[in-house]
Undergrad: 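Structure provided below as structure tokens; questions to follow.
On a predicted model such as this, the values are computed, not experimentally measured, just so you know. All values below come from the heavy atoms of this structure, side chains included, with hydrogens, waters and symmetry mates left out.
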Amino acid sequence: MDPNLSEIPPPGFPQRMFAIGEEPVGIRVTPYHKPSCISKILNALEEDEIRLIRGTAFGKLIEIAEKPSFSGRLGRFLISRQLKVLKRHEVWFLYAGKPVRFSIREFALVTGLNCRNYPPHSKKRSKKNISEKPYWGELFGTMKDVPVRYVVSMLKKKTVTDPQTRIKFALLALLSSVVLPTSHTPRISQEHAERIKDVDQFLSYPWGRVSFDMLMSSIKERNEVSLSQNTIAFKGFVMSMQLVLVEAVPALTGVVRDGGSSSSDADSGGDDDMCGDDKELKKSINTVHIRDIDTACKAKVNSIISAGVEQTNLDHEDVWSDDEEDVYVDNLVKSIEEGFPFTNSHFVGGATKSDVSRMREDAEKVNITRKTARSHQKQTATDPKNADYVANIVKNCVGPDLQKLDEQIKDLARVFTNSHNLLRNNIENILGNFHRDFAKLITTPCSRPHIPPSNQSPPEIPVSGRNPNVDSVTVDVSTIIQNAVHFANNGRTQRFSDCVGAGLSFPDPSFSIGLTQINKAGVDVDDHVSQPVNQDLDFTNFDNEAPIVNRKSKRAKVVPKNLVGEYQCDKRFLTRAWESYVNAICCTPNIDYSAKFSALSEKLTSPFVIDFGSLTLNNTEMAAIVDRSSHLSPKVLDVLVHHTRSVFLSNSELIRSKNSVFLDTKFVSLLAKSYAKFSKSSKKDSFRFPGALCEFVVGDSPISEANRFYFPFNFDKQHWVGVCVDTSLSHVIVLDCNISRKTDGMIAKDLRPISVMFPYLLRQVGKQLTAKDLKPLHIERPRCVPQNNTQVESGITSILLTQAHVVGGVDVCKCITPEVLNEEVQRIAVMIYEENVGVL
């Protein structure tokens, strides 16, 4: 070295972290890896297994196990003598007045680990990991948490005998407890276990770079205040710093001694819990002699131990993309290459103990200020001045819900208005016809031939104050009653004078709804009513009549059970109610379907095929619908759904305003096939349903207006039900004509895929739904649906129940009784034929 170099003024070098002589006097640096853990793992292996590991990237760890254990006090000595540099991936220490670099090159040199660049992210591998069975279960079964000491114990006791598995266990133990330790009780990582399925791929991964980044981030995140603590814990392979210093200062190898000291197991603590109970006598470094050598400043120091060394475990041009330029570090490297004689006086600056105390106080003040600012923000958030701001937030949150509610209210108002107008027109027509016919009946003499009275005269009605001068009016009471009853039964306006001889078609009304009184003994009501009354009545002296005494009933005044439940009306009442709804949606309600069905029955004997586009229906399949002798196939149900859709979407505005969508069995099949992938998806919002499935939902009406979705569902391929998904109520309504086949729990289990997936499907096709609307839909099965235990009739009954529910909800479904099934099936068959073939 040229002696004249000492006379040249030194260039700018990095300043010290702590001023010389002001270094914090702490106890030690505590590593998470245990000093004797490598030896304990190797002691649990056979010689040939150790030989295999020695030939891998982890092989140099076997040599490190034979070197002096880590000294916590030496680590503290180095950390307190750092230089302040801007580079994120380098640390410079001072020892004996000379700088020593600790970078990834030095780390790779002393550890032998793979420190190459990270491999590019592989999307193919990510998809493979999702589809394949986790390898963790093959290694550790059902255990979710596996400590390293448990793995070492299995190796030592030879619980695992497979050679490949034993090597994998040893590598995982070394990786978790030595290379990448993050706690004093390290555990096997599931991510590492998945990688070791392919041992070659596991060993080719740059675990050394991962360990270096972990250690460097633990060092760089600490400032002068945190470095002044008595004990400091670092993640990663902390012993690499000691190995670099020993390589840089060869004189340190002369101060190694046997036995425990403050530098080895005593410093780290907790080693017994991690790797075993046996104690070993380890070599250690005498920290007293290390301080003496540093004070004398006479030892030879190799500042950059990796200079000129060919390294196969590191890329030749290793440049950090996020590193910063530091002129002082560049000057330092240049001076080292030129052989500059460094001394302690060349490195100035650094924090003193008083500076550290002041920095600690400032940090506490900043924390207090932050807490105060947070509390102030909470107070200002409730300030009346910010009322507009809060109102905007609330408006944005509930805006979609309010808009949805407003649309539902408008739809309800439109339906109510249409229903009100329709009902009013029907009532006005009925009352007008009734008034006109009744007026004709009163003013026109009865054209019925007079029936001579029988020998037995009818009982006279005593009337006091009879006036013979008053004009008598001939009234046939029996005819009036019979005509009125016939009008009520048939729902048609006919002339009462033409309804001669019509009998009373109503059965006796049920007393449970209070329509009759108990017959008086010996009185035949029918005979009494049928007698013609032709008496001259005097209405002028009713005041002289005796007062009418009310009959006193002997029954207990108890409300009948039927009055507090559902009324048990005659089935013919329900039939007339159903006919009124059918007439409301049918353009020509006076069609004689019985006559048309007779013509259709003749055509069913000859072969024909009805084409619906993607569906076809031949004469045999239509005969199966009419005869109801076999279970209907999904294809036939799809035809009936197609017919229902065409009828309801092409008729009254009252029906179209209900915003109903009709789906067939193909939709149910596609939705069921998507449930397996949907249930395994961790993020349900990002799951994508098939495009064909989405096209079914948006077919009938705009998805923003659709509220009800109807489709048939087949339980066990033996029983059809109608299903209504009502998004306005968040309900799945099951229209079941035989509830004895399955319990409610079984129904809920079978329909769970629909209740869970349907909200997400609607959201994908464009319907505005909030997070609250994405919850599983509630499944209900109304008990008031008429029951039909004939299994082969479930298909056509489910279609009729669906039609009734679209028209008037569950109440109209009560009209679909087994008694009306034959008539309704004939009507559907005739309509299908005439819509697609021709008029009968």
Undergrad: So do the side chains of Glu23 and Arg16 get within less than 4.5 Å of each other, counting heavy atoms only?
TA: yes

Undergrad: What are the two closest heavy atoms between Cys115 and Leu314, and how far apart are they?
TA: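 Shortest heavy-atom separation between Cys115 and Leu314 comes out as O-CD1, 3.2 Å.
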
Undergrad: Does some side-chain heavy atom of Ile79 sit less than 4.5 Å from a side-chain heavy atom of Met241?
TA: yes

Undergrad: Could you go step by step and tell me if Ser177 and Ile41 meet the side chain to side chain contact (heavy atoms under 4.5 Å, CB included) rule?
TA: CA-CA 10 Å; Ser177 62; Ile41 295 173; 3.8 Å; yes

Undergrad: Carefully, step by step, assess Ser103 and Glu90 under the rule side-chain hydrogen bond (donor to acceptor under 3.5 Å, both in side chains).
TA: CA-CA 5 Å; Ser103 68; Glu90 288 185 13; 5.2 Å; no

Undergrad: Quick one, Ile305 with Val110, criterion side chain to side chain contact (heavy atoms under 4.5 Å, CB included). Give me CA distance, side-chain angles, the key distance, then yes/no.
TA: CA-CA 10 Å; Ile305 64 173; Val110 299; 4.0 Å; yes

Undergrad: Only one of Trp92, Tyr328, Phe342 clears ring pair (Phe, Tyr, Trp, His ring centres under 6.0 Å) with Phe13; which?
TA: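 By the ring pair (Phe, Tyr, Trp, His ring centres under 6.0 Å) criterion, Phe13 pairs with just one of Trp92, Tyr328, Phe342: Phe342.
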
Undergrad: Between Arg358 and Asp355, does any NZ, NE, NH1 or NH2 come within less than 4.0 Å of an OD or OE carboxylate oxygen?
TA: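 A salt bridge is present here (some side-chain N lies under 4.0 Å from a carboxylate O).
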
Undergrad: Kindly indicate whether the side chain of Leu78, heavy atoms from C-beta on, has any atom under 4.5 Å from the side chain of Val29.
TA: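 Counting from C-beta outward, Leu78 and Val29 never come under 4.5 Å.
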
Undergrad: Indicate yes or no for a side-chain donor-acceptor contact from Tyr95 to the backbone of Ile290 under 3.5 Å, with no hydrogens or angles considered.
TA: yes

Undergrad: Would you say Ile188 and Phe140 make side-chain contact, with heavy atoms under 4.5 Å?
TA: yes

Undergrad: Distance check, rounded to the nearest 0.5 Å: Arg360 atom CZ versus Asn223 atom CG?
TA: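 It comes to 10.0 Å.
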
Undergrad: So, taking the atom named CG in Asp213 and the one named OH in Tyr118, what distance separates them when rounded to the nearest 0.5 Å?
TA: 4.0 Å

Undergrad: Any donor and acceptor pair, going by atom type alone, linking the side chain of Arg166 with main-chain N or O of Val160 inside 3.5 Å?
TA: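 Answer holds: yes.
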
Undergrad: For atom NZ of Lys684, is the number of surrounding heavy atoms from other residues, nucleotides or ligands below 6.0 Å larger than 12?
TA: yes

Undergrad: When you compare the side chain of Leu86 with that of Val329, does any pair of heavy atoms fall below 4.5 Å?
TA: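 Not in contact.
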
Undergrad: Is there a donor-acceptor pair closer than 3.5 Å between any side-chain N or O of Lys60 and the backbone N or O of Leu109?
TA: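 Indeed, once roles are kept as given, a pair shorter than 3.5 Å links the two residues.
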
Undergrad: Please check this pair: side chain of Ser176 against backbone of Ala173, looking for a donor-acceptor N/O pair closer than 3.5 Å.
TA: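 No, Ser176 side chain to Ala173 backbone: no donor-acceptor pair under 3.5 Å.
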
Undergrad: Between the main-chain N or O of Ile104 and the side-chain N or O of Arg209, is there a donor-acceptor pair closer than 3.5 Å?
TA: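 Flag not set: sc Arg209 to bb Ile104 has no pair under 3.5 Å.
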
Undergrad: Can you check whether Val246 reaches Lys67 side chain to side chain, under 4.5 Å on heavy atoms?
TA: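 When only atoms from C-beta onward are counted, Lys67 and Val246 do not touch, as no gap falls below 4.5 Å.
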
Undergrad: In Å and rounded to the nearest 0.5 Å, what is the CD1 to CG distance from Ile167 to Asp48?
TA: 7.5 Å

Undergrad: Is there a side-chain contact between Lys144 and Trp136 in this structure, where contact means two heavy atoms from C-beta onward sitting under 4.5 Å apart?
TA: no

Undergrad: Kindly give the heavy-atom pair with the smallest separation between Ala251 and Ile293, and that separation in Å.
TA: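 That closest heavy-atom pairing would be O-CD1, 4.4 Å.
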
Undergrad: Looking at Lys220, I'd like to know if its NZ atom is crowded, meaning that more than 12 non-hydrogen atoms belonging to other residues, nucleotides or ligands lie closer than 6.0 Å.
TA: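 Count over threshold, so yes.
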
Undergrad: If only atom types and distance count, is the side chain of Thr30 paired as donor or acceptor with the main-chain N or O of Ala233 below 3.5 Å?
TA: no

Undergrad: Nearest 0.5 Å please: distance from the CG atom of Leu171 over to the CD1 atom of Ile196.
TA: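 Leu171 CG to Ile196 CD1: 5.0 Å, rounded to 0.5 Å.
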
Undergrad: Which heavy atom of Ala170 sits nearest to which heavy atom of Ile53, and what is that distance?
TA: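 For Ala170 versus Ile53, the nearest heavy atoms are CB-CD1, 3.8 Å.
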
Undergrad: Taking Lys365's backbone N and O only, do any of them form a donor-acceptor pair with Asp362's side chain (distance below 3.5 Å, no angle check)?
TA: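 No, the answer is negative, given that no donor and acceptor are paired below the 3.5 Å cut-off.
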
Undergrad: Do Glu224 and Met17 have side chains that approach each other closer than 4.5 Å (heavy atoms only, starting at C-beta)?
TA: yes

Undergrad: Could you go step by step and tell me if Phe93 and Val244 meet the side chain to side chain contact (heavy atoms under 4.5 Å, CB included) rule?
TA: CA-CA 11 Å; Phe93 307 108; Val244 171; over 6 Å; no

Undergrad: Can you tell me how far apart CZ (Phe102) and CD1 (Ile304) are? Round to the nearest 0.5 Å.
TA: 14.0 Å

Undergrad: Which pair of non-hydrogen atoms, one from Leu215 and one from Ser240, has the smallest distance, and what is that distance?
TA: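 Smallest interatomic distance, heavy atoms only, reads CD2-OG, 3.6 Å.
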
Undergrad: With side chain to side chain contact (heavy atoms under 4.5 Å, CB included) as the test, would you mind laying out the steps for Phe169 and Tyr150 before giving the verdict?
TA: CA-CA 10 Å; Phe169 276 16; Tyr150 176 77; over 6 Å; no

Undergrad: Of all the heavy-atom pairs spanning Val100 and Ala248, show the shortest one and how long it is.
TA: CG1-CB, 4.0 Å

Undergrad: Would you please classify the geometry between the Trp207 ring and the Phe202 ring as parallel, tilted or perpendicular, with 30° and 60° separating the classes?
TA: tilted

Undergrad: Using the six-membered ring wherever Trp is involved, compare the ring planes of Phe340 and His346 and label them parallel, tilted or perpendicular (cut-offs 30° and 60°).
TA: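 Aromatic pair Phe340/His346 classed tilted.
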
Undergrad: Would the distance check show the side chain of Arg187 and the main-chain N or O of Thr185 forming a donor-acceptor pair, the cut-off being under 3.5 Å?
TA: yes

Undergrad: Looking only at non-hydrogen atoms, find the nearest pair between Lys84 and Pro14 and report the distance.
TA: O-CB, 3.6 Å

Undergrad: Below 4.0 angstrom, N of the basic side chain to O of the carboxylate: do Lys235 and Glu221 qualify?
TA: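 The answer is no: the pair does not qualify as a salt bridge.
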
Undergrad: To the nearest 0.5 Å, tell me how far Thr343 OG1 sits from Lys98 NZ.
TA: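 It comes to 7.5 Å.
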
Undergrad: Got a donor-acceptor contact below 3.5 angstrom from the Arg195 side chain to the Leu203 backbone?
TA: no

Undergrad: For Tyr135, I'd like to know if atom OH has over 12 heavy atoms of other residues, nucleotides or ligands within 6.0 Å.
TA: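 Above 12, so yes.
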
Undergrad: Main chain of Pro24, side chain of Ser228: is a donor-acceptor contact present, judged purely on distance under 3.5 Å?
TA: no

